[in-house]
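Encoded as structure tokens, the structure appears first; notes follow it.
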Amino acid sequence: MKIVGNMDTKLKLCFVFIVALSRNSEHSVSGERVALRIVDKTHSNLGSDFNAVKKLLLKVQPASFSGPAHFQSLLGKCFSLITDSYKYEFCPYKNMTQHEQTLRWNPYSGVLGVWQQWQISNNTFEAMVMEEGDSCGVLSRSTTVFFSCGDVNKLIEVKEPNKCRYVARFQTPLVCHRDAVLVYPWLPEELQHQWDTVETRLYRKEITTKGYNKQLQGIFEEAGFRLSNATKIHLMEEAKKVQQQTKIQEFDSLNLCNSEFKRLKSEVELLKQKLKDNNIDYSNEGKIPHFSYTETFTAAFEITKPLSPLAELAEVRPVDSDGVDYPDEFPHADFMDDM
């Protein structure tokens with residue numbers, strides 16, 4: 001058996017099929033077909049553990065460590081903040097991610113930016129710049145992380161002032177000393193001399209302010225504080241190699257599909273436990289029955305209908321943000337790719 005369609009569609013089809021089986025375990029499958037409507041209800045107070053199993057692929061590899069040496073204490077650590085039904089996770093020198101904390105099918109979980117370079121202003125490491133996150137229309141999501149003095153390392157705020165452009169604030173004792181984030185002291189001696197020369201030439205009006213900024217940018221790139229275009233291209237190429245190495249196998253055999261079925265079944269059990277922990281009624285004591293593969297799944301999103309209708313899945317349908325009801329039937333499953 002081979003399931004046709006992209007990987008996201010396959011997993012969605014498998015998941016819906018498993019839920020259908022688990023909710024109708026006392027009935028056999030007949031040949032009648034039904035177009036399913038998907039319930040899109042959120043529970044803002046519940047965590048979505050399903051995102052934990054989703055492999056987030058990076059469009060670019062993180063840049064190497066750079067900046068103040070004492071920031072090395074942040075390597076290998078991540079800091080979380082839950083606000084407005086989202087969990088944000090900041091991993092310095094790695095990436096910034098966002099995970100929707102709901103129990104609806106396919107909640108958003110993605111990358112808001114990958115560590116690339118420093119934002120430098122007035123001889124100061126002003127912020128970490130996380131770029132080349134998940135696609136957002138024609139843009140890529142990005143996050144600028146500013147630092148403030150505090151007693152403990154803590155992610156205290158994440159906002160989205162502009163579409164797909166996030167701003168975060170990270171509190172840390174590492175920046176409390178007045179000279180803690182000065183740029184000049186962390187440059188190699190040779191680059192310090194170059195900066196001195198550029199400052200002198202600007203003072204003597206041998207170069208313009210534009211020329212000064214361009215030469216300073218070159219110094220920062222050589223130090224690794226900022227990235228050159230060549231380095232950015234290299235990091236993107238490295239990310240593509242990693243994606244190829246971690247590419248999920250196609251369901252081109254019964255064994256692979258059975259393996260994925262078992263994994264999704266365990267996720268269903270995890271969801272049931274989550275519902276139980278939050279006192280949400282889910283009455284289904286029957287086990288998922290054995291079933292045979294009588295047909296080939298396709299992206300056309302048709303599924304055989306049990307003798308007893310899938311009451312919860314077949315009787316409701318989502319309404320979009322403008323209050324427009326979806327059509328009574330969905331002849332195709334393309335809409336699920338946008339969820």
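- Judged by distance alone, the side chain of T143 and the main-chain N or O of L112 form a donor-acceptor pair under 3.5 Å.
- In this structure, L235 and L227 approach most closely via the heavy-atom pair CD1-CD1, 3.8 Å.
- Closest of all the heavy-atom pairs between M96 and V145 is CE-CG2, 4.1 Å.
- Within a 6.0 Å sphere centred on NZ of K59, other residues, nucleotides and ligands contribute more than 12 heavy atoms.
- In the hydrophobic clustering of ILVMFWY residues, with side-chain heavy atoms under 4.5 Å counting as a link, V181 and I156 come out apart.
- The closest donor-acceptor contact from the side chain of W118 to the backbone of M128 lies at 3.5 Å or more, if one exists at all.
- Residues T172 and F147 approach most closely at CG2-CD2, 3.9 Å, considering heavy atoms.
- The heavy-atom pair separating P173 from V152 by the smallest distance is CD-C, 3.8 Å.
- Aromatic rings of F90 and F170 (six-membered ring for Trp) have centroids within the 6.0 Å cut-off, being under it.
- Around CG of D84, the count of heavy atoms belonging to other residues, nucleotides or ligands within 6.0 Å does not exceed 12.
- Between the OG1 atom of T144 and the CZ atom of R165 there is a distance of 9.0 Å, given to the nearest 0.5 Å.
- Test F125, F71, F65, Y184 against F225 for ring pair (Phe, Tyr, Trp, His ring centres under 6.0 Å) and you get one pass: F125.
- By the 6.0 Å contact criterion, CG on D179 is enclosed, its count of non-hydrogen atoms from other residues, nucleotides or ligands being greater than 12.
- Aromatic ring pairs are classed by plane angle as parallel below 30°, tilted from 30° to 60° and perpendicular above 60°; the pair H70 and W186 is tilted.
- Under 3.5 Å, the side chains of Q98 and Y88 contain a donor-acceptor pair of N or O atoms.
- Put simply, OG on S266 and CZ on F261 are 10.5 Å apart, with the number rounded to the nearest 0.5 Å.
- V129 and L139 are members of different hydrophobic clusters when ILVMFWY side chains are connected at heavy-atom separations under 4.5 Å.
- Side chains of E131 and Q116: a donor-acceptor N/O pair is absent below 3.5 angstrom, by distance only.
- Of the N and O atoms on the side chains of T197 and T200, not one donor lies less than 3.5 Å from an acceptor on the other residue.
- Between K265 and E269, none of the side-chain N atoms (NZ, or NE/NH1/NH2) sits under 4.0 Å from a carboxylate O, so this pair counts as no salt bridge.
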Scan the side chains in residues 216-224 for donor-acceptor partners under 3.5 Å anywhere in the protein, sequence neighbours excluded, and list what turns up.
| unit_1 | atom_1 | unit_2 | atom_2 | d |
| --- | --- | --- | --- | --- |
| Q217 | NE2 | E221 | OE2 | 3.2 |

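- Under 3.5 Å, the side chains of Y93 and Q72 contain no donor-acceptor pair of N or O atoms.
- Here F146 contributes atom CZ and E157 contributes atom CD; the two are 11.5 Å apart, rounded to the nearest 0.5 Å.
- Taking the charged nitrogens against the carboxylate oxygens, K240 and E238 have no contact shorter than 4.0 Å, which rules out a salt bridge.
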